[in-house]
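Note on naming: letters A, B, ... go to the chains in the order of the sequence lines (proteins, then strands), and numbering restarts at 1 for each one.
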Amino acid sequence: MPELPEVENARQVVERALDREIASIDDTDEFVCRPHGPGEIDHALKGGRLTVAHRRGKTMWCDTVTADGDEGPHLGIHLGMGGRIFVTGPSGDAESLYAGGDPHVGGMPKKAGERPDKPEWDRFRMTFADGGELRLFDKRRLGRVRLEPDLDALGPDAAEITRDEFRARVGKGTAPLKARLLDQSVLSGVGNLLADETLWEARMSPSRPAGELTVAELDALRTTLRKATRSAIKKGGVHTGEVIPHRAKDETCPRCGAPMERGTVGGRTTWWCSAEQAE
DNA sequence: AACAATGTTCAGTC
DNA sequence: GGACTGAACATTGT
């Protein structure tokens, strides 16, 4: 679930947790909260508040202030392969918001907004003095929470990258085009489904060497990527893409009817239209 | 049982 | 050193 669009939606949910006093934190999952020891994040943030929620690619982080009003550490949150963010209002307020994404994935309850009935899949919890909480719900446990996340290895955000940056960063090398789009140091935020959706919309072969694209093709690809990304944010996740339901055996291209083809590109399962995206 | 799952990272190769 | 590939990571569902 969590690619750029889901993380942007999650970031907006995290904004509901800003400016509320942090009463306590459960950071005892040592895999998710590594390299911190149990209690370390709790100690660093207890009594303070989150003040701003940022995002670059699939990484989120919050600015914080301490109880005294001084600048606090940054709190990084990554949803990994299947994490979701839940934020509840002050106690008595029944509202529970969570980041979008495919409702059929990740052990989610049937009704949107309902709390998942698997507390053991909560990997991190921040409880506020007003009785509400922020939780990272992550069945697969590949999400991460840490202080002072390192953003240096991330390329420009896929939703913000300029035309010239895109031309220079994506349009080079011998790696398959899809592998290039998935490389978070080239540009950040594109995941497996958004890559398949974008390449399908652009009618480009995922396995074509990235360096072979013309400038016109690169510009068109960037335009398509922005459109697919904006659409996914608006509709609630990358699973709302047009070709996504057709990433399956015996499926056909929703545009031309040709069989969908499956293979591995950039180390990930890849589906493409056998006619329109032929090499 | 073996495999795949919307992600990242590290070891290994050229 | 850079570019690139594939396995490993933790866990669950099919």
What is the separation between atom CZ on A:Arg268 and atom P on B:dA4, rounded to the nearest whole Å?
12 Å
Of A:Ala153 and A:Arg140, the one whose nearest nucleotide on DNA chain B sits closer to the 5' end is A:Arg140
Do A:Arg84 and A:Trp121 meet the cation-pi criteria used here (NZ or CZ under 6.0 Å from the six-membered ring centre, within 45° of the axis)?
no
Nucleotide B:dA5, atom C1' - distance to NE2 of A:His239 in whole Å:
16 Å
Gap between atoms CG and C1', on A:Leu79 and B:dA5 respectively (whole Å):
16 Å
With respect to the side chain of A:Trp121, which nucleotide from B:dG7, C:dA10, C:dT12 is positioned closest?
C:dT12
Return the value, rounded to whole Å, for the distance between atom CZ of A:Arg262 and atom P of B:dC3.
12 Å
Counting side-chain heavy atoms from C-beta on, which of C:dA10, B:dA4, C:dT5 comes nearest to A:Pro176?
C:dT5
Rounded to whole angstrom, note down the P distance from C:dG13 over to B:dT8.
23 Å
Going by an N to O cut-off under 4.0 Å, is there a salt bridge joining A:Asp196 and A:Lys178?
yes
Nearest to the A:Arg144 side chain among C:dT5, B:dT9, C:dA3, which nucleotide is it?
B:dT9
Salt-bridge contact A:Glu15-A:Arg11 (side-chain N to carboxylate O under 4.0 Å)
yes
From C:dT11, C:dG13, B:dG7, pick the nucleotide closest to the side chain of A:Lys139?
C:dG13
B:dT8, OP1 or OP2 - any side-chain N/O from A:His78 closer than 4.0 Å?
yes
The nucleotide from B:dG7, C:dA10, C:dG13 with an atom nearest the side chain of A:Phe31 is C:dA10
Students often mix this up, so state it plainly: with edges at 30° and 60°, are the rings of A:Trp61 and A:His54 parallel, tilted or perpendicular?
parallel
Between A:Asp196 (CG) and B:dA4 (C1'), how many Å, whole number?
15 Å
Return the value, rounded to whole Å, for the distance between atom CG of A:Asp138 and atom P of C:dG13.
13 Å
Are A:Thr174 and C:dA3 close enough that a side-chain N or O sits under 4.0 Å from OP1 or OP2?
no
With distance as the sole test, does A:Gln184 use its side chain to make a donor-acceptor pair with the main-chain N or O of A:Leu154 at under 3.5 Å?
no
Rounded distance in Å - CZ (A:Arg34) to C1' (B:dC10):
12 Å
Report which part of the nucleic acid A:Arg180 touches: base, sugar-phosphate, or nothing (heavy-atom distance under 4.0 Å, all strands).
sugar-phosphate
Report the nucleotide, chosen from B:dG7, C:dC4, C:dT11, that has the shortest atom-to-atom distance to any side-chain atom of A:Leu142.
B:dG7
For A:Asp29 and C:dT11, what is the distance between atoms CG and P respectively, to the nearest whole Å?
8 Å
Taking A:Asp138 first and then A:Arg123, would you say they form a salt bridge - that is, a charged N and a carboxylate O separated by under 4.0 Å?
no
Both distances below 3.5 Å, Watson-Crick or wobble geometry, any strand: find the nucleotide opposite B:dA2.
C:dT14
Using a 4.0 Å heavy-atom cut-off across all strands, classify A:Gly267 as base, sugar-phosphate, or nothing.
nothing
